[in-house]
Amino acid sequence: MDAFERYGDAARNELTDPSRSVTIGPGTPRFELYHFGFSICSQKVRTLLAEKGAAYIAHELAPTENYRPGYVHLRLHAAGERADRLAEAHTMRTSVATEGFDACVVPTLVDLERRRAVVDSALILEYLEREVPSPPMIPTALADPVRDEVRINDGIPHPGILYGFHANDPRPGFWIDAMDGVYDRKRAVLERLIEENRDDTALVRAYRAKIAKEMAGKAIQKDPASMEGVLDEFRALLANLDSTLDRRDGPWVCGSAFTLADCVWGVTLYRIQWLGHAPLWDPHPRVRDYAHRLYERPSIRSAVIDWSHAMPPSPHTTEIDRRPAA
Ligand SMILES: N[C@@H](CCC(=O)N[C@@H](CS)C(=O)NCC(=O)O)C(=O)O
């Protein structure tokens, strides 16, 4: 049994509920995706898989199942040298390029044909584009602008509006309740796992880094100045998106072709809307119209809006959610 089989089997053997493993797409699945229904990084990967029409087995993890030993080992194995730099700080963003590697998160892609696991949604997207070239979502003629948008998107402080408490917080009430004390609850699970896996140096190192990161998040989650900074960053991002859309000739962010850049923006804009932060784009009707065009895209609908997950519906997306699928 080689390393791919050993780590892959260990992660798979931890899955306890067969109803949370579903095959998406036609034919024999080439990929497995460990994911959360509600995770933004998972949604980006699912949207691209939907655009490609690629078949995969989606393993939906419940919160903190992403800390289980087999799964974390699979990620450490897949990360290789990138696991030397584990994320320990929290700047309310999740880009591996800037923050370091977190061994305890989703998504993780497993390619059953090439027998390898891929981690970090930014790399998974590139990997899928390479391995499933049709239809092209990074067309050669648009490669630079598409990658620019994907890089910008990877650096967005998404957790800052998901976890962060803001003045006149617009987030759904049930979500505000769920986020209160969330970092301490994560820490409690991680400490128990350290206890249970005391002799496993690699795991303990990953868990300790994760605790440091989550505690850094806790330190700023309710800090008004940090959270206002996050909203300022979103205001600047949306203003920048507005001027990009203005410069382009066509309905999409890189022009007339729908690309990977639109996949990732669709995920982000729906999340902003879901959380009740859509007033941030009030000064930019072009962004609002773009968001609503994206909500009509079948891949965004199936992989994000209509994807069933354990979260109650948001009052901020009622109109969008009830629209019949195209
Ligand atoms: N840059 C990483 C970030 C992954 C990430 O932060 N995932 C979040 C959901 S979007 C997660 O699993 N959080 C769960 C946790 O921290 O316990 C990637 O794109 O894969």
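As the structure lists them, so they are numbered: ligands from 1, and atoms in each ligand from 1. Just so it is clear, the structure is predicted and the values come from calculations on it, not from any experiment.
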On the ring face of Tyr207, is Arg192 found with NZ or CZ under 6.0 Å from the centre and within 45° of the axis?
no
Can you check whether Thr259's main-chain N or O pairs, donor with acceptor, with Asp262's side chain at less than 3.5 Å?
yes
Ion pair Glu131/Arg116, N-O distance below 4.0 Å
no
Pick from Leu190, Asn66, Val106: the one approaching atom 4 (C) of ligand 1 most closely through a non-hydrogen atom:
Val106
Under a 4.0 angstrom heavy-atom cut-off, which atoms of ligand 1 come close to Ile40?
10 (S)
Enumerate the atoms of ligand 1 whose separation from the nearest heavy atom of Val105 is less than 4.0 angstrom.
4 (C), 5 (C), 6 (O), 7 (N), 11 (C), 12 (O), 13 (N), 16 (O)
Charged N-O contact under 4.0 Å between Arg151 and Asp154
no
At a 4.0 Å threshold, what atoms of ligand 1 neighbour a non-hydrogen atom of Pro107?
20 (O)
Specify the protein heavy atom at minimum distance from atom 18 (C) of ligand 1: its residue, its atom name, and the distance to 0.1 Å.
Ser121 N, 3.3 Å
Which atoms of ligand 1 sit under 4.0 Å from any heavy atom of Asp120?
1 (N), 18 (C), 19 (O), 20 (O)
Heavy-atom pairs closer than 4.0 Å: do any link ligand 1 to the side chain of His158, the backbone, both, or neither?
neither
When you look for heavy atoms under 4.0 Å from ligand 1, do you find them on the side chain of Lys186, its backbone, both, or neither?
side chain
Could you tell me, atom by atom, which parts of ligand 1 come under 4.0 Å of a heavy atom of Ser39?
9 (C), 10 (S)
Could you check whether Arg46 makes a cation-pi contact with Tyr56, meaning its NZ or CZ is under 6.0 Å from the centre of the six-membered ring and within 45° of the ring axis?
no
In the protein, which heavy atom is nearest to atom 6 (O) of ligand 1, and how far is it?
Thr94 CG2, 3.3 Å
Are any of the heavy atoms in Lys210 under 4.0 Å away from ligand 1?
yes
Does Ile152 belong to the same Ile/Leu/Val/Met/Phe/Trp/Tyr cluster as Val287, with side-chain heavy atoms less than 4.5 Å apart forming each link?
yes
Run the salt-bridge test on Lys186 and Glu214 with the 4.0 Å N-O cut-off and return the result as yes or no.
yes
Which atoms of ligand 1 have any heavy atom of Tyr67 under 4.0 Å away?
15 (C), 17 (O)
Verify the distance criterion only: is there a donor paired with an acceptor across the side chains of Asp242 and Tyr290 at less than 3.5 Å?
no
Is there a side chain to side chain donor-acceptor pair (under 3.5 Å) between Asp120 and Tyr127 once you walk through the steps?
CA-CA 10 Å; Asp120 178 5; Tyr127 182 83; over 6 Å; no
Counting from 1, what ligand 1 atoms have a heavy atom of Cys41 closer than 4.0 Å?
3 (C), 4 (C), 10 (S), 18 (C), 19 (O)
